[in-house]
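Working notes, beginning with the structure itself.
Numbers restart at 1 for each chain; the letters A, B, ... are given by sequence-line order, proteins then strands. Side-chain atoms are counted along with the backbone in the values below, which use heavy atoms only and exclude waters and symmetry mates.
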Number of protein chains: 2
Amino acid sequence: MFKENNLSKNQQIIFDLINKSSEPLKAYTILFNVQKKGIKAPPQVYRALDKLVETGKIHKIESKNAFVACRNSNCEISKATAFSICESCEMVDEISDAKLTKYLSSFNDKKGTKYKRFNLEFFGLCKKCK
Amino acid sequence: MFKENNLSKNQQIIFDLINKSSEPLKAYTILFNVQKKGIKAPPQVYRALDKLVETGKIHKIESKNAFVACRNSNCEISKATAFSICESCEMVDEISDAKLTKYLSSFNDKKGTKYKRFNLEFFGLCKKCK
DNA sequence: TTACATAATGTTATATTATAACAATTTTAA
DNA sequence: TTAAAATTGTTATAATATAACATTATGTAA
């Protein structure tokens, strides 16, 4: 016997909401939107978010304190994230660029240190806002 | 007549504190530390921080909600920031690597869009913690 | 110098984001 | 079937950040 769906009830509810959203969602926006499904308090939301981030199903956009579903080859590279963020309309797109990922994943700093994880946020104007 | 020092009183106090710190400082840590100098309320701190970020004297480490002084050629490239962050001791170093900066500054996404600003945060273990 | 605009400051209150702590229940795996 | 691990529910509170408004200081141009 095995589980094909490894998300718990709350995790699934919150993932579904984020996944169908076209824009990053904030924790309290999520809370507001899932209250009708019985998720009533911040810790329930934050716990689900933490787990979803941990498993790579979603990413946190640090500069916005908001969450987006992973669009990148089903989350294989959640340790190497890159996003483009429009400074006008706030739109966020996950960047999926093998060369960029490779370049950054193999980056060594001046002391020769390599890093096992990175997060990159680009800021500019999206096509619509230009 | 000209001013050689373009920081206001509160900006200077807060910059000095951040600049002499060996680790990123959080806004309320800063507030606590400058109360003896007459800065009493959060808005005073956040306003100074905003201005210092804007002028490139300091950077915000988004994943930590904390601030560090710019160490990079006197802040010429505050639109292209990169940091290494130790996941164990929380140490943060600004990365100053011309090749990396050039690579990212000239990055084009799949739609051909270029970005005028980026922030990159690497996570791993620093030399001491390895 | 005056006077106008802009920037900076001081202050109170409040909004937003996130976690601590603890009890109960469900799921997993030995 | 039972013990461990994960998840849930709940209340309270901690930590981060901004709104709004009054005042003072500074820069600039007539």
Side-chain angles (χ1 to χ4, degrees), chain A residues 1-18 21 23-68 85 90 92 119 121, chain B residues 1-18 21 23-68 85 90 92 119 121:
Chain A
M1 208 58 60
F2 60 94
K3 289 187 66 179
E4 23 212 308
N5 180 343
N6 49 357
L7 296 186
S8 73
K9 178 171 134 282
N10 288 1
Q11 288 160 21
Q12 189 69 58
I13 289 168
I14 286 173
F15 175 72
D16 288 345
L17 183 69
I18 295 172
S21 170
E23 58 184 15
L25 295 180
K26 289 171 165 262
Y28 277 73
T29 303
I30 293 168
L31 175 56
F32 178 81
N33 277 282
V34 297
Q35 280 181 328
K36 46 181 166 292
K37 305 222 169 179
I39 297 175
K40 290 181 192 142
Q44 297 175 290
V45 172
Y46 281 101
R47 282 191 295 229
L49 289 173
D50 286 351
K51 187 56 84 170
L52 291 167
V53 166
E54 207 180 299
T55 58
K57 304 287 289 179
I58 66 173
H59 304 301
K60 183 173 187 181
I61 308 301
E62 294 287 357
S63 61
K64 299 171 80 68
N65 298 316
F67 300 84
V68 296
I85 300 172
E90 312 273 283
V92 172
N119 179 55
E121 299 182 5
Chain B
M1 210 56 60
F2 61 94
K3 288 187 68 178
E4 23 212 307
N5 180 343
N6 49 357
L7 296 184
S8 73
K9 179 172 134 280
N10 288 2
Q11 289 159 22
Q12 189 69 58
I13 290 168
I14 287 173
F15 175 73
D16 288 345
L17 183 69
I18 296 172
S21 170
E23 57 184 16
L25 295 180
K26 289 172 165 262
Y28 277 73
T29 303
I30 293 167
L31 176 56
F32 178 81
N33 277 283
V34 297
Q35 279 180 330
K36 47 183 164 294
K37 305 224 170 182
I39 296 176
K40 292 183 191 139
Q44 295 175 292
V45 172
Y46 282 101
R47 282 190 295 227
L49 289 173
D50 286 350
K51 187 55 83 170
L52 291 167
V53 165
E54 207 180 298
T55 58
K57 303 288 288 180
I58 66 173
H59 304 302
K60 182 173 188 180
I61 308 301
E62 294 287 356
S63 62
K64 300 171 80 64
N65 297 318
F67 299 84
V68 295
I85 301 173
E90 312 272 285
V92 172
N119 179 56
E121 298 182 5

Scoring nucleotides 12-23 of chain D by protein non-hydrogen atoms under 4.0 Å (B base, S sugar-phosphate only, - none) yields ----BBBBB---

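- Shown here for A:Val92 and A:Pro24, the closest heavy-atom pair between the two residues is CG2-CG, 3.5 Å.
- One finds a side-chain N or O of A:Lys40 lying less than 4.0 angstrom from the OP1 or OP2 phosphate oxygen of D:dT10.
- Of the possible donor and acceptor atoms, one in the side chain of B:Lys26 sits under 3.5 Å from a partner among the backbone N and O of B:Lys64.
- Each of A:Asn10, A:Leu17, A:Asp16 was scored for a side chain to side chain contact (heavy atoms under 4.5 Å, CB included) with A:Val34, with one residue passing: A:Leu17.
- The side chain of A:Ser8 contributes no N or O atom lying less than 4.0 Å from OP1 or OP2 of C:dT27.
- A heavy-atom distance below 4.5 Å is not found between the side chains of A:Gln11 and A:Thr55.
- Distances shown here put every side-chain N or O of B:Lys9 at or beyond 4.0 Å from the OP1 or OP2 atom of C:dA8.
- For B:Gln44, no side-chain nitrogen or oxygen approaches OP1 or OP2 of C:dT9 to under 4.0 Å.
- A:Glu121 places no side-chain N or O within donor-acceptor distance of the main-chain N or O of A:Ile85, the cut-off being under 3.5 Å.
- The two residues B:Ile18 and B:Leu25 make their nearest non-hydrogen contact at CA-CD1, 3.9 Å.
- The phosphate of C:dT27 (OP1 or OP2) has no side-chain N or O of A:Asn6 nearer than 4.0 angstrom.
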